Amino acid sequence: MTPLELLERWVSERASEEALHWLSEQRKALAESYSDRKFHIAFGMMPRRLGKSDLALSESELELAETARAGWNPRHWSIAEAARILLLIETDTRANEAFANRFKDLCKTADVAEAITLYRGLALYPEFQQLEPQAGEGLRTNIRTVFEAVAHENPFPREVFDQDRWNHMVLKALFVDSPLAPIDGLDERANPELARIMCDYAHERWAASRPVSPELWRCVGPFAEGAMLDDLARAYGSDNDNEARAAALALLAAGSSAADTVLATRPEIEQAARAGTYTWNDIAHALA
């Protein structure tokens with residue numbers, strides 16, 4: 001099934017009969033005679049007509065989403081969000097302007113809830129690569145939920161962002177106190193420049209006597225050498241269990257004799273890390 005077919009199926013299985021009748025009427029009206037005005041009215045009315053309940057997808061339905069579109073994870077989508085994205089994609093060929101321009105205009109006038117919906121659907125849209133500039137605008141917001149609509153459980157950044165934009169997004173996540181674990185491709189897109197940026201950020205935090213997110217070291221481990229290993233050694237010696245465990249995982253990822261020497265200074269933590277007793281996801285859950 002295509003993402004569009006799945007969205008239609010999930011909405012039809014979960015929305016009330018009255019809500020589905022209203023949605024059907026809107027879709028029919030737009031199919032017969034599209035206008036931006038009719039679309040905006042229907043788009044804006046979705047939460048009121050369909051409610052704000054979650055889709056509450058089962059694991060098998062999430063597997064269907066992954067099959068339909070690699071990396072697509074609508075785990076936290078609502079019924080209204082699914083219907084909004086369904087309508088937006090469905091009306092693409094009827095609108096009078098390129099999708100990228102249409103999407104940009106929608107984002108300009110969107111309230112917070114609408115912006116979250118629009119950005120969550122990034123990877124499903126036609127010619128989605130052309131939406132990169134607007135996705136970058138979504139990262140600039142100070143509203144954490146909007147930022148996370150771009151950054152979390154979304155394959156778009158992994159597939160489309162260049163290294164500079166990617167690194168900026170990961171750093172911004174730390175600035176807005178957003179977890180790193182839900183970022184799709186966090187390990188795949190790790191790079192030496194990001195590792196350096198993360199260590200610089202850690203030094204700024206330490207200088208200000210402020211805590212450093214243990215997740216930060218996940219981006220450092222594969223490239224840790226020299227001064228970076230010194231930073232990991234400092235974190236590894238922390239009295240904070242999550243910080244020490246995160247440093248241990250990062251030191252394992254470094255895979256060097258120098259990293260092994262640091263690991264050996266705390267045998268119990270080293271043994272647990274090597275045994276897979278805890279993972280980066282476990283650390284993220286502990287921080288939540």
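These figures come from a predicted structure and were not determined experimentally.
- How far CD1 of Ile197 is from CG of Leu171: 6.5 Å, rounded to the nearest 0.5 Å.
- More than 12 heavy-atom neighbours from other residues, nucleotides or ligands sit within 6.0 angstrom of CD on Glu13.
- Summarising the geometry, atom CG belonging to Leu86 is positioned 6.5 Å from atom CG belonging to Leu23; distances are rounded to the nearest 0.5 Å.
- Although no hydrogens or angles enter the test, the distance criterion places a donor-acceptor pair under 3.5 Å between the side chain of Ser12 and the main chain of Glu8.
- Listed by first then second residue, pairs satisfying side-chain hydrogen bond (donor to acceptor under 3.5 Å, both in side chains) with a partner in residues 168-185 read Glu148-Ser178, His152-Ser178, Arg158-Asp184, not counting sequence neighbours.
- Qualifying ring-ring contact (aromatic ring centres under 6.0 Å, His included) partners for His203, counting only residues two or more places apart in sequence or in other chains: Trp206.
- The neighbour count for Arg140 CZ, taken as heavy atoms of other residues, nucleotides or ligands under 6.0 Å away, is above 12.
- Distance check: Tyr201 OH to Phe175 CZ gives 5.5 Å after rounding to the nearest 0.5 Å.
- In this view, Glu215 satisfies the salt bridge (Lys or Arg N to Asp or Glu O under 4.0 Å) rule with no residue, not counting sequence neighbours.
- Atoms CG and CD1, on Leu87 and Ile85 in that order, are 11.0 Å from each other to the nearest 0.5 Å.
- The salt bridge (Lys or Arg N to Asp or Glu O under 4.0 Å) search around Asp282 returns none, not counting sequence neighbours.
- Sorted by first then second residue, the side-chain hydrogen bond (donor to acceptor under 3.5 Å, both in side chains) pairs that include residues 232-241, not counting sequence neighbours, are Ser238-Glu243.
- Atom CH2 of Trp217 is separated from atom CG of Asn242 by 14.5 Å, given to the nearest 0.5 angstrom.
- Within 6.0 Å of the CD atom in Glu225, the count of heavy atoms belonging to other residues, nucleotides or ligands does not exceed 12.
- Scored by the side chain to side chain contact (heavy atoms under 4.5 Å, CB included) test, Thr2 finds Leu4, Glu5 as partners (sequence neighbours excluded).
- Under the ring-ring contact (aromatic ring centres under 6.0 Å, His included) criterion, Trp22 pairs with no residue at all, not counting sequence neighbours.
- The salt bridge (Lys or Arg N to Asp or Glu O under 4.0 Å) check on Glu90 picks up Arg27, with sequence neighbours excluded.
- Residues satisfying the ring-ring contact (aromatic ring centres under 6.0 Å, His included) test with Phe43, not counting sequence neighbours, are Phe39.
- Under the 30°/60° scheme for interplanar angles, the aromatic rings of Phe156 and Phe161 are found to stand perpendicular.
- Ion pairing between a basic and an acidic side chain is recognised when a charged N comes within 4.0 Å of a carboxylate O; Glu204 and Arg210 show no such pairing.
- The structure places SG of Cys219 at 4.5 Å from CG of Leu186, a figure rounded to the nearest 0.5 Å.
- In terms of the salt bridge (Lys or Arg N to Asp or Glu O under 4.0 Å) criterion, residue partners of Arg274 (sequence neighbours excluded) are, by chain and number, Asp260, Glu270.
- Residues in residues 62-93 take part in these ring pair (Phe, Tyr, Trp, His ring centres under 6.0 Å) pairs, two or more places apart or across chains: Trp10-Trp72, Trp72-Trp77.
- By the 4.0 Å N-to-carboxylate-O rule, Arg165 lies close enough to Glu132 to be salt-bridged with it.
- Surrounding CD of Glu17 are at most 12 heavy atoms belonging to other residues, nucleotides or ligands under 6.0 Å away.
- Under the salt bridge (Lys or Arg N to Asp or Glu O under 4.0 Å) criterion, the residue pairs touching residues 47-72 are Arg14-Glu61, Glu59-Arg75, Arg69-Glu159, with sequence neighbours excluded.
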Next on the checklist: Determine whether Glu137 and Lys104 satisfy the following criterion, salt bridge (Lys or Arg N to Asp or Glu O under 4.0 Å), listing intermediate values before the conclusion.
Outcome noted: CA-CA 10 Å; Glu137 290 298 315; Lys104 181 178 179 180; over 6 Å; no
